[in-house]
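Accompanying notes for the structure given below.
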Amino acid sequence: FPQNGSDVANRKKVLVIGGDGYCGWATALHLSNKNYEVAIVDNLVRRLFDHQLGLDSLTPISSIHNRIRRWKSLTGKDIQLYIGDICDFEFLSEAFKSFEPDAVVHFGEQRSAPYSMIDRSRAVFTQHNNVIGTLNVLFAIKEFREECHLVKLGTMGEYGTPNIDIEEGYITITHNGRTDTLPYPKQASSFYHLSKVHDSHNIAFTCKAWGIRATDLNQGVVYGVRTDETAMHEELCNRLDYDAVFGTALNRFCVQAAVGHPLTVYGKGGQTRGYLDIRDTVQCVELAIANPAQPGEFRVFNQFTEQFSVNQLAALVTKAGEKLGLEVQTISVPNPRVEAEEHYYNAKHTKLVELGLKPHLLSDSLIDSLLNFAIKFKDRVDTKQIMPSVSWKKIGVKPKTVAA
Ligand code: NAD
Ligand code: USQ
């Protein structure tokens with residue numbers, strides 16, 4: 001589908017940092033399909049973590065080069081590729097100057113809480129990679145592309161689990177007779193989640209000081225694997241992590257059910273979080289780009305569609321598994337994390353809905369399809385990677401391996 005010159009000139013240019021990862025790959029394809037001009041920045045460190053820790057995606061994934069070639073052959077659309085580390089400011093500057101983005105979507109961080117709690121060096125790597133990477137993006141926008149809108153992936157985990165309702169970014173407080181609207185208190189509970197808190201503060205400050213326009217998407221836990229675009233060809237298939245370091249709750253439970261491993265509920269299982277389908281991740285990011293923040297505005301959206309406790313997820317997967325003839329057991333695993341296991345949780349999430357989000361709520365059919373996906377690839381599952389091996393309390397300075 002060749003583009004004529006004026007079309008190309010009018011298309012919004014979006015730089016997707018972390019575009020080879022789970023959320024980033026799905027988003028890059030979605031935006032390209034929606035006729036945005038897309039470039040991916042990634043240093044492929046996520047693939048390196050797999051090699052270093054002996055892990056692998058449930059689904060076989062193609063190299064980033066083959067992914068992009070396949071996309072071009074199927075749709076005629078180009079995705080540009082900049083391989084490099086955003087902590088390297090010279091590399092990032094060149095990518096900015098050559099692509100001239102109108103929006104930057106920043107997924108490019110070390111995103112696993114357990115990874116950040118393996119040992120001192122991984123804790124330091126996580127905070128350095130995430131905080132300095134984001135600072136560099138802020139400086140690049142200031143220096144080369146002042147009007148560019150930053151859409152930054154934050155996390156619902158920045159708020160922790162307070163005993164009051166969680167607002168979207170800000171809370172209005174009356175104290176000693178005076179009232180102000182202030183950033184909502186942050187109580188993160190891993191070095192990873194804390195890196196997101198530090199990012200949010202740096203972004204808020206630069207919006208105020210330099211007039212940068214930014215949207216912080218405090219995303220909940222993502223589940224699912226297929227999006228319209230990644231389902232078009234096996235070479236476009238997304239990654240699906242099920243191991244105890246990078247796998248997240250519902251995705252892990254579906255893979256565990258498929259291979260006959262008991263579902264690993266940590267502690268009492270009352271831990272409640274916001275969750276969303278990966279098809280809604282791509283929708284939310286597109287909505288944020290299509291409706292940019294104003295210059296100087298630091299906008300915060302809570303990006304999830306439903307809340308579940310870990311016990312509720314285990315019950316849903318058990319029911320869906322039984323329908324498919326699987327015998328699903330659940331075990332209570334001593335909690336490797338330090339977190340509340342029974343708590344109040346009620347988080348607002350209306351701003352993206354106001355912008356037009358049409359959520360894909362968790363349904364039996366989604367769990368069925370995720371389970372069937374897991375069954376299809378069950379021979380690729382290394383069951384030794386399922387039980388948690390990273391402890392929040394036992395973290396120390398000594399370099400650790402996490403092999404079973
Ligand atoms: P992912 O690890 O699959 O993808 C992140 C990508 O960023 C990887 O491809 C990695 O190679 C790249 N990257 C990391 N550091 C980089 C650097 N310094 N320079 C260039 N590239 C770099 O993670 P994901 O699950 O796709 O998450 C994406 C973002 O969304 C993260 O910021 C994460 O914190 C956030 N998020 C994810 C979830 C979830 O459930 N997966 C939930 C909430 C928020
Ligand atoms: N949990 C279990 N059993 C498991 C795995 C997890 O009980 O086998 C529990 C955890 O203890 C925790 C909850 O489920 O209470 C969620 O854990 P998770 O591993 O699914 O998610 P989390 O560590 O919070 O991190 C993931 C992503 C991260 C993102 C975050 C969004 O890896 O990038 O920021 O979800 S949120 O949880 O809203 O902060």
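As the structure lists them, so they are numbered: ligands from 1, and atoms in each ligand from 1. The shown structure was predicted, so the numbers you read here are calculated from the model rather than taken from an experiment.
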Pick whichever of [options] has a heavy atom sitting closest to [atom].
atom: atom 9 (O) of ligand 1; options: Thr126, Asp42, Ile40; result: Asp42
atom: atom 14 (C) of ligand 1; options: Leu92, Val45, Thr155, Val222; result: Val45
atom: atom 34 (O) of ligand 1; options: Phe107, Tyr192, Phe304; result: Tyr192

Applying a heavy-atom cut-off of 4.0 Å, say which part of Asp241 lies close to ligand 1: side chain, backbone, both or neither.
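For Asp241, there is no contact with ligand 1 at all, from either part.
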Between Ile86 and ligand 1, which residue portion shows a heavy-atom distance shorter than 4.0 Å: side chain, backbone, both, or neither?
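Both of them.
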Could you measure the distance from the [atom1] atom of [X] to the [atom2] atom of [Y]? Nearest 0.5 Å is fine.
X: Ile68; Y: Gln80; atom1: CD1; atom2: CD; value: 9.5 Å
X: Ile40; Y: Tyr82; atom1: CD1; atom2: OH; value: 12.0 Å
X: Leu153; Y: Lys196; atom1: CG; atom2: NZ; value: 6.0 Å

Just to confirm my output: which protein heavy-atom neighbour is closest to atom 44 (C) of ligand 1, and how far is it?
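Going by distance alone, atom 44 (C) of ligand 1 is nearest to Gln219 NE2, 3.2 Å.
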Among all protein heavy atoms in this structure, tell me which lies nearest to atom 18 (N) of ligand 1, with the distance rounded to 0.1 Å.
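The answer is Asn129 OD1, 2.7 Å.
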Check for me whether [X] has a heavy atom closer than 4.0 Å to any atom of ligand 1.
X: Gly157; result: no
X: Gly19; result: no
X: Lys196; result: yes
X: Ser112; result: no

Could you tell me whether some N/O pair between [X] and ligand 1 is separated by less than 3.5 angstrom?
X: Thr248; result: no
X: Gly154; result: no
X: Asp85; result: yes
X: Cys23; result: yes

Does some side-chain heavy atom of [Y] sit less than 4.5 Å from a side-chain heavy atom of [X]?
X: Ile118; Y: Ile395; value: no
X: Phe191; Y: Trp392; value: no
X: Ser200; Y: Lys186; value: yes
X: Asp180; Y: Ile173; value: no

Count the heavy atoms of every other residue, nucleotide or ligand shown that sit under 6.0 Å from NZ of Lys323, and state whether that count exceeds 12.
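For Lys323, atom NZ is crowded (more than 12 foreign heavy atoms under 6.0 Å).
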If you draw a 6.0 Å radius around CD in Glu146, do more than 12 non-hydrogen atoms from other residues or ligands fall strictly inside?
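Counting other residues, nucleotides and ligands, CD of Glu146 stays at 12 neighbours or fewer.
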Given Thr281 and Tyr22, is the side chain to side chain donor-acceptor pair (under 3.5 Å) satisfied, shown in steps?
CA-CA 10 Å; Thr281 295; Tyr22 174 55; over 6 Å; no
For Glu143, is there an ion pair with Lys97 - N to carboxylate O distance below 4.0 angstrom?
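No, this pair does not count.
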Any ion pair linking Arg279 and Asp228 (charged N to carboxylate O, less than 4.0 Å)?
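Between Arg279 and Asp228 there is no salt bridge, as every charged N stays at least 4.0 Å from the carboxylate O atoms.
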Proximal ligand 1 atoms for Gly84, defined as those under 4.0 Å from one of its heavy atoms:
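That gives atoms 19 (N), 20 (C) of ligand 1.
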Residue Asn43 vicinity, atoms of ligand 1 by number, heavy atom under 4.0 Å:
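By the 4.0 Å cutoff, the relevant atoms are 11 (O), 13 (N), 16 (C), 17 (C), 18 (N), 19 (N), 20 (C), 21 (N), 22 (C).
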Residues lining ligand 2 [heavy-atom distance under 4.0 Å, listed by chain and residue number]
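These residues qualify: Arg111, Ala113, Thr155, Met156, Gly157, Tyr192, His193, Gln219, Gly220, Val221, Gly247, Thr248, Ala249, Arg252, Phe253, Thr264, Val265, Tyr266, Gln271, Arg273, Val310, Arg337, Glu339.
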Within 45° of the axis and under 6.0 Å from the centre of the six-membered ring of Phe246, does NZ or CZ of Arg46 qualify?
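Yes, cation above the ring, under 6.0 Å and within 45°.
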